[in-house]
Amino acid sequence: MHSDAHSGMKFLDRAKIYVKAGDGGNGCVSFRREKYVEFGGPNGGDGGRGGDVIAEAADNLNTLIDYRYRQHFKAKRGGGGAGSNRSGAAAEPVVLRVPIGTQIFDEQECDLIADLTQAGERVLLAKGGIGGRGNARFKGSVHQAPRYAQTGQPGEEQWLWLRLKLIADIGLIGLPNAGKSTLLAAISQAHPKIADYPFTTLHPHLGVVYHDEDALVMADLPGLIAGASHGVGLGHRFLGHVERCAVLLHLIDGTRDDIEQAYDTVQNELASYGASLLDKPQIVALNKIDAVDPLAIEDRRALLAQRCGMVHLLSGVSGSGLTEVIAAATMMARQQKKSLEENLKVTAWAP
């Protein structure tokens, strides 16, 4: 296991949000209405508490993409007090669902406010204001009939940063010019709600692939080059990223004459790096089929299939075969993650 292996596949995803808790409801000025009594005693009730804003870690989310499209979150104010000593209702909290692993920082991104690591874990981001007291509360020996009540207190508000280390579910591998970025762009066009995440480390491009209910993160990892496992070029830093992917999507340029060699080069790199990268489920796809004669493509597919079994055909340019490949990768990633979680549970329970 290489020392930098675990820095792998963690791309920083950030979103800035504004949270405002609800103000407290106002207290009420009211008096009992009784026959023959000009002013009955005060009976104005208290205002209700304003709604809190809370963040909760949810295990079916993978990215902060939703917070790119919506930035402001405000809770409602508490209900006002009423006569007959009726208190106003407290307002419901607003709950922001964020992926497990989300860190919440202050506006300057200096202070870590929370680190949500477990499903269902919650943190209060902004506290609702306390409701004002009604005039019934102010009755004393001096003031038998107070004509004032308190207004509710304002709810807390602040700007915050959400930060998540994204872990890619599907890693795109292949030699340079295999057409990985074109494929990613094609997926992005298929789903307008895609985030193009710019990153600092190695500049891998990420897309969010939507399939059924899932939103999976696909990473276009920088091209593998012969010798990467021996530290040539991006080498180890790159391969470290691959370790965290559930599934590898191996793209091969269908216009090449040496398809098997291209396949072997990448497999050898994975093998010599170790860390059981070769054991990862792989989907192999011949890309750029729009640029090659259909008969030649079939020959190449048959040749490659002898090496690795199932070979998909696709074109990132025309979009042909894209749906099938995404469906296969998504299904495989889902199974992998499930079996991984089950294994973790088993080891966690082991005495």
Side-chain angles (χ1 to χ4, degrees), residues 11 63 65 168-199 202-212 214-226 234 238 241-242 245-267 269-270 281-305 307-333:
F11 308 110
T63 77
I65 191 168
D169 304 291
I170 304 165
L172 274 175
I173 59 171
L175 295 171
N177 303 328
K180 300 194 297 295
S181 43
T182 315
L183 175 68
L184 204 64
I187 292 166
S188 314
Q189 277 150 17
H191 304 278
K193 193 185 171 191
I194 196 111
D196 197 13
Y197 293 91
F199 292 100
L202 294 186
H203 301 291
H205 288 104
L206 292 201
V208 180
V209 182
Y210 288 90
H211 183 74
D212 297 339
D214 283 352
L216 293 174
V217 180
M218 185 185 270
D220 161 18
L221 303 165
L224 260 176
I225 39 172
L234 296 173
F238 161 73
H241 284 295
V242 187
C245 293
V247 174
L248 301 179
L249 174 51
H250 185 170
L251 276 199
I252 299 173
D253 179 351
T255 64
R256 296 176 72 118
D257 294 327
D258 59 345
I259 276 182
E260 295 168 292
Q261 195 188 336
Y263 174 79
D264 292 343
T265 301
V266 174
Q267 298 303 312
E269 284 308 317
L270 296 176
Q282 255 186 66
I283 290 172
V284 179
L286 275 181
N287 193 14
K288 308 188 189 178
I289 57 167
D290 57 295
V292 188
D293 171 65
L295 289 172
I297 275 291
E298 275 308 325
D299 287 348
R300 286 171 187 176
R301 190 224 285 254
L303 202 62
L304 195 55
R307 276 237 193 331
C308 62
M310 174 87 180
V311 175
H312 291 265
L313 296 182
L314 74 90
S315 163
V317 174
S318 73
S320 158
L322 199 58
T323 322
E324 294 77 3
V325 169
I326 288 175
T330 311
M331 204 169 91
M332 213 178 254

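Reckoned from all heavy atoms, side chains included, excluding hydrogens, waters and symmetry mates. This structure is a prediction, so every number in the text was calculated from the model and none was measured.
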Student: Using the test side-chain hydrogen bond (donor to acceptor under 3.5 Å, both in side chains), find all partners of E324 that sit at least two apart in sequence or belong to another chain.
Tutor: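 Scan of E324 (side-chain hydrogen bond (donor to acceptor under 3.5 Å, both in side chains), adjacent residues dropped) gives none.
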
Student: Flag the pair H250 / Q267 as yes when at least one side-chain heavy-atom distance between them is below 4.5 Å, and no otherwise.
Tutor: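 Side-chain contact under 4.5 Å: yes.
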
Student: Should V325 and L249 count as side-chain neighbours, where that means a heavy-atom distance under 4.5 Å?
Tutor: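 Contact flag for V325/L249 side chains = yes.
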
Student: Can you pull out every salt bridge (charged side-chain N to carboxylate O under 4.0 Å, His left out) where at least one residue sits in residues 282-298? Sequence neighbours excluded, please.
Tutor: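 Qualifying pairs, neighbours excluded: D253-K288, E298-R301.
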
Student: Taking the side chain as every heavy atom from C-beta outward, state whether L314 and L183 have any pair of such atoms under 4.5 Å apart.
Tutor: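 Touching, per the 4.5 Å side-chain cut-off.
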
Student: Suppose we screen for side chain to side chain contact (heavy atoms under 4.5 Å, CB included). Which residues come up paired with D257, at least two apart in sequence or across chains?
Tutor: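 Testing D257 for side chain to side chain contact (heavy atoms under 4.5 Å, CB included), a comparison that skips the adjacent residues, returns R300.
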
Student: Quick check: closest heavy atoms across A333 and I170, and the distance to 0.1 Å?
Tutor: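 Looking at all heavy atoms of both residues, the closest pair is CB-CG1, 4.4 Å.
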
Student: Nearest 0.5 Å please: distance from the CG atom of L248 over to the CG atom of L172.
Tutor: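 CG of L172 is found 9.5 Å from CG of L248.
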
Student: Within the 4.5 Å heavy-atom criterion, are D169 and V247 side-chain neighbours or not?
Tutor: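 No, every pair of side-chain atoms sits at 4.5 Å or beyond.
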
Student: Using side chain to side chain contact (heavy atoms under 4.5 Å, CB included) as the criterion, list what pairs up with L304, not counting sequence neighbours.
Tutor: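 L304: side chain to side chain contact (heavy atoms under 4.5 Å, CB included) contacts with I252, I259, Y263, V284, L286, C308, V311.
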
Student: D264: what forms a salt bridge (charged side-chain N to carboxylate O under 4.0 Å, His left out) with it, not counting sequence neighbours?
Tutor: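 D264 satisfies salt bridge (charged side-chain N to carboxylate O under 4.0 Å, His left out) with R307 only.
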
Student: State which residues pass side-chain hydrogen bond (donor to acceptor under 3.5 Å, both in side chains) with S320; sequence neighbours excluded, sorted by chain then number.
Tutor: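 Counting only residues at least two positions away or on another chain, S320 forms no side-chain hydrogen bond (donor to acceptor under 3.5 Å, both in side chains).
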
Student: Return the minimal non-hydrogen interatomic distance between L251 and A178, and the atom names on each side.
Tutor: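 Of all heavy-atom pairs spanning L251 and A178, the closest is O-CB, 3.4 Å.
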
